[in-house]
Structures are given as C-alpha cells and as structure tokens.
Amino acid sequence: MQAEFPRRGAGPERRSEKAGRDPAVHERIFHLVRQVPRGKVVSYGRIARIVGAGTPRVVGFAMRAAPDDVPWQRVVNAKGEVSPRSAGDGAAVQRRLLEAEGVRFDERGRIDLERFGWLPEE
DNA sequence: TCCCTGACTGGTT
DNA sequence: AAACCAGCCAGGG
C-alpha cells in the first residue's frame, strides 16, 4: 500500500531535505505504526528515522493524538521500555495491551528488542 | 510571533 | 548500570 499522504492544496511542496515543517508528518507516522504487527514493537527513534521527518519527540507527540486505528501501544522507547507519561495511567494500559499480544517484559520492565523489535523489511 | 513543554536520544559523567 | 545534559521540533497559549 503506497503512502498517500494528503497534500496541502495543489501548491508545490517547499519542503527541503531537512524535513523542517511538514504538514503530513503525523500521517506518515500513523501509516508506519499501522504496519507494526501484533506482538512486535518499534522505538520512537526508529520511526522518526524511517519516516525521515520529525524527531523521536514528535513521534511521541503524534502518538498522543493517534486515531483509534493506530496501534500506539507498539511504540516504546530505545531502552525497550514503556515510556512514563507525565500524567495519566497510559503507561500501565500500554503494558497490559502489549502483554496481551504476547510481548514479554523482564523484571526491570524491559522488552527484549532483539526479539520483539520490528523492522519494516521483515 | 515568541516562549515553554514533552509518550525521546545518544553521548558524558 | 544509572543519572545527567544538551539537542531536537511541532503544538498551544
């Protein structure tokens, strides 16, 4: 499925190599996260890198506003753990959802990325 | 438009 | 191995 990210009107994209401001960054992020299979996880940094726009922080911000059809729970930090929220119990919910799909957490609450980490090539 | 905040990261202590 | 720190960039006030 090709990335049909919406264009802003018919105007030319004045976007330079350096992502800068791209109105479709969130859409691209959502599209990618939707490809992560059940039982697998991917880090914020990896997503930002693959999408080629934004930064890990932006990915986190996007997850916060993610539509229901986006498996946001499959996005974890580079250490392989569920990132703590500044508010709410989202982290606890996320962990529960992941465990329900078979993702295992060790005693320190970390996921073995070698085993559960997802790569688009796979 | 300026200023601050944050579901992050990688390099240093 | 864990705590710190500076860079990062898109929203919202």
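Per chain, numbering begins at 1; letters A, B, ... match sequence-line order. Computed from a predicted structure; not experimentally measured.
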- Query: Going hydrophobic residue to hydrophobic residue with side-chain gaps under 4.5 angstrom, can you get from A:Val93 over to A:Met63?
  - Reply: yes
- Task: Would you give the length of the straight line joining atom CG of A:Asp106 to atom CD of A:Glu81, rounded to the nearest 0.5 angstrom?
- Result: 9.0 Å
- Which heavy atom in A:Arg85 sits nearest to a heavy atom in A:Val82, and how many Å separate them? NH1-CG1, 4.0 Å
Quick one: which protein N/O atoms are closer than 3.5 Å to N/O atoms of nucleotides 2-7 of chain B? Pair and distance per line, please.
unit_1	atom_1	unit_2	atom_2	d
B:dA7	OP1	A:Ser86	OG	3.1
B:dA7	OP2	A:Ser86	OG	3.1
B:dA7	N6	A:Met63	O	3.4
B:dA7	N1	A:Arg85	NH2	3.2
B:dA7	N3	A:Tyr44	OH	3.1
B:dA7	N3	A:Arg85	NH2	3.0

- What residues, two or more places apart in sequence or in another chain, satisfy side chain to side chain donor-acceptor pair (under 3.5 Å) together with A:Glu99? A:Arg95
- Item | Backbone of A:Val103 reached by a side-chain donor or acceptor of A:Lys40 within 3.5 Å | no
- Task: Please state how far atom CG in A:Asn77 lies from atom P in C:dA3, giving the value in whole angstrom units.
- Result: 14 Å
- A:Lys79 has an atom NZ; how far is it from atom C1' of B:dG11, in whole Å? 14 Å
- A:Ser43 side-chain proximity, nearest of C:dG11, B:dT9, C:dA1: B:dT9
- For the side chain of A:Pro56, starting at C-beta, report the closest nucleotide among C:dC9, C:dG11, B:dT9. B:dT9
- Task: Remember a base hit wins even if backbone is also touched, and classify A:Arg110 as base, sugar-phosphate or nothing at under 4.0 Å, heavy atoms.
- Result: sugar-phosphate
- Message: Applying a strict under-4.5 Å side-chain criterion to I, L, V, M, F, W and Y, I'd like to know whether A:Leu98 and A:Trp72 cluster together.
- Response: no
- Item | Complementary nucleotide of B:dC2, counting Watson-Crick and G-U pairs under 3.5 Å | C:dG13
